[in-house]
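Everything on this sheet refers to the single structure shown next.
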Amino acid sequence: MDYETVMNFALKKGFYFPSCDIYPDKSAGFWEYGPLGVNFKNNFIELWRREIIRHDDILEIDGSQIMSKSVFIASGHAKNFTDPIIKCQKCNSTFRADKLIIEKTKINLGENEPLHKYDDLITKNNIHCPKCSNKFLKPTRFNMMFSIGIGPENELAYLRPETCQSIFVDFPRLFKIMRGKLPFGVAQIGKSFRNEIAPRQSILRLREFYQAEIEIFCNPNELNSHQKLLKIDNTLIRISIDGETNVISCKEAVDSKFIPNMLIAYYMGLLTKFYAKTGIDMTKTRFRKLSEKEKAFYSESSFDFEAETTIGWLELVSCNYRTNYDLLNHAKFSKENYSVIDHDEKITPHVFEISMGIDRSLYSILEHNLKNDVINKRTVLMLKPYLAPIHVGILSLLKKDGLEEQADVIYSEMKKNFIAFLDHSGTVGRRYRRLDEIGTPFVITVDYQTIKDQTVTIRIRDDMSQKRIKINEIKSFLTNKIFIH
RNA sequence: GCGAAGUUAGUCUAGUGGUAUGACGUCAGCUUCCCAAGCUGAAGAACACGUGUUCAAAUCACGUACUUCGCACCA
């Protein structure tokens, strides 16, 4: 399905919708998840916990969203998270100062020079607005972090632009109290905030968005030798370098130097297995190696996990080898001890980061799984059962002769273990169609035979087939189909 | 942020000066023991927000916000 169809679908069914919609001063880039969206998101997060976090013995924390200024001075965001921009005096067009200078003079200042350097070059080379040829105002800096005032004195702090900083800040404490050993994984799921200049495309580019980040603290001397990495298997990963995509096993990727070390390959394999379970079409994904220019300021080696959608390749996960950049900086600015003992050797661990965009992942799953079943004249969301916002629908075939009451009894039992939905109204076909559309994998229908012999029909979404089972077998049937795989 | 187009019920839509059309959806009832769009009825929009022009504005003008597309931006 294309972007527009998915968008309309999500809006119509209340998966997500714009925030503050009824007021004229609402801002772009803020969206809310409705009931079905929340269930879907929670199920996705639970899958992430099961397949990656618990699987790999990673610890999860929940840090605060507002963090003090010092954190971002140490992390480099206060300085590097800004762009030098210039505005035209007349037409108000905004440009990146560094980019415009490269274009006109081939001089590459980078984005972190003092503002007067940009100004000097613009004046010296007589650079004018490309749109209207008028002069520019003095360059300024645009910081993508939202600042916030704490307490009566409005002390400057920031809404975190990435969730990982609290993991770095907390690392020494976590390593001690959790009796850490390298490699040591810490994860966090939560909101991050970035003041995008132009948020677009609903939940794909938000100012407030969900991230699931994992930081693997490791010994840089063991990136190819730690015992755990020997578990690396022949999971096929798709790697794209300079526009060419290779399908290759994790092991081969390291041997052939596509991936710099086994640690990165190991987690790429894990991530691949996770995304395969979300139902994303893996043939439409790739790990794209970022060029020197594209990498973030803190990263030595970066791969983006991307999914192909109808609006192009979407970055779902950013994998960055951050070296000891973050820990050394926090150690330096806070004077806290960030070194640990590993094999009788005192080191500051390196960090490999897996930074997942939840909102974009959810969108990609929807786009790859929303199907138009022309033969049966229905729209079906072919979600994996464990991701479905409703696990099971409970219907009474007719609303009379005690069928309704019987369905009520089954419903109240089912909702203890599953996300269940009860519906009595209208024709049964219409109710099946509605549940298909939001991805409900199973529907139980109470009919006249139920009254006689305590059996119900259970309908399978994907092929619309039905089978009859005993009421007391429903729970184990659903458990097997939904949670065990 | 620039340029262009747009903004009428949950969704789509008619309506170019006299407070709004239709469909789908929703709800209630009927019908039907199994795959939507049969029947009856009901609710739901002062037409994005604001200002102005006018006796009168969804309809004209201006501003703002948002949406879409293009440019720029995406650490």
Side-chain angles (χ1 to χ4, degrees), chain A residues 3-4 7-14 17-30 34 72 75-83 85-88 90-96 98-100 103 111-112 129-132 142-145 161-162 192 194-202 204-207 209 294-299 302 304 311 314-315 318 320 355 357 360 373 376-379 395-401 403 424-437 443-452 456-459 461 463-466 468:
Chain A
Y3 171 77
E4 208 183 326
M7 185 61 210
N8 287 340
F9 166 79
L11 212 53
K12 198 166 102 188
K13 294 293 172 190
F17 41 83
S19 177
C20 307
D21 204 25
I22 61 167
Y23 286 105
D25 62 344
K26 66 177 174 181
S27 298
F30 299 95
F72 301 109
S75 73
H77 286 82
K79 191 173 143 210
N80 294 319
F81 211 60
T82 63
D83 295 327
I85 53 170
I86 38 172
K87 270 193 177 191
C88 172
K90 190 157 182 219
C91 73
N92 217 20
S93 290
T94 308
F95 299 89
R96 277 278 295 264
D98 54 330
K99 301 233 166 161
L100 196 64
E103 199 181 300
E111 54 184 54
N112 296 318
C129 174
K131 286 248 172 83
C132 70
F142 176 74
N143 195 319
M144 300 254 301
M145 284 194 291
E162 51 181 12
S192 289
R194 295 178 191 180
N195 198 1
E196 297 281 355
I197 297 172
R200 286 275 169 90
Q201 292 171 321
S202 65
L204 300 182
R205 206 150 141 222
L206 293 159
R207 286 185 166 132
F209 58 101
E294 291 175 299
K295 284 186 325 198
F297 64 87
Y298 45 68
S299 182
S302 294
D304 278 354
I311 51 167
L314 263 188
E315 177 193 334
S318 177
N320 298 301
S355 172
R360 289 176 171 193
D373 179 354
N376 295 304
K377 292 186 186 166
R378 58 178 191 153
T379 304
L395 310 182
S396 50
L397 185 61
L398 294 176
K399 203 169 150 185
K400 58 181 183 185
D401 303 327
L403 299 186
H424 298 301
S425 69
T427 60
V428 72
R430 178 159 43 201
R431 284 176 278 162
Y432 287 143
R433 290 297 191 283
R434 264 199 298 245
L435 287 163
D436 285 341
E437 201 178 355
V443 182
I444 286 162
T445 307
V446 169
D447 57 17
Y448 284 102
Q449 200 176 326
T450 309
I451 310 283
K452 283 184 223 153
V456 293
T457 62
I458 186 153
R459 173 186 180 273
R461 174 195 67 198
D463 59 7
M464 299 168 72
S465 66
Q466 280 179 296
R468 188 164 279 279

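Quick note on labels: first sequence line is chain A, next is B, and so on, each numbered from 1.
In terms of position along RNA chain B, the nucleotide closest to A/Leu11 lies nearer the 5' end than the nucleotide closest to the other residue of the pair A/Leu11 and A/Met464. For the pair A/Pro161 and A/Gly426, nearest-nucleotide mapping onto RNA chain B gives the more 5' position to A/Gly426.
Here the nucleotide nearest the side chain of A/Tyr3, chosen from B/U68, B/C35, B/C34, is B/U68. For A/Tyr432, taking side-chain heavy atoms from C-beta onward, the closest of the listed nucleotides B/A36, B/G29, B/C34 is B/C34. With B/A28, B/U26, B/C35 as the choices, the nucleotide that has an atom nearest any side-chain atom of A/Arg434 turns out to be B/U26.
The phosphate of B/A36 (OP1 or OP2) has no side-chain N or O of A/Arg430 nearer than 4.0 angstrom.
Nucleotide B/G1 has B/C71 as its partner under the Watson-Crick or G-U criteria, with both atom distances under 3.5 Å. Base pairing analysis places B/C12 opposite B/G22; the two distances defining the Watson-Crick or G-U wobble pair are each below 3.5 Å. Figure legend. B/G41 is base-paired to B/C27; pairs are counted as Watson-Crick or G-U wobble with both atom distances under 3.5 Å. The nucleotide B/A46 finds no pairing partner, because no Watson-Crick or G-U wobble arrangement with both distances shorter than 3.5 Å includes it.
Summarising the geometry, the separation between CZ on A/Phe17 and P on B/U67 is reported as 15 Å, rounded to the nearest angstrom. Taking atom CZ of residue A/Phe9 and atom P of nucleotide B/G25, one finds them 16 Å apart after rounding to whole Å.
The two residues A/Phe72 and A/Pro161 have their closest heavy-atom pair at CE2-CD, 3.3 Å.
In B/A20 the O4'-C1'-N dihedral to the base is more than 90° from 0, which defines an anti nucleotide.
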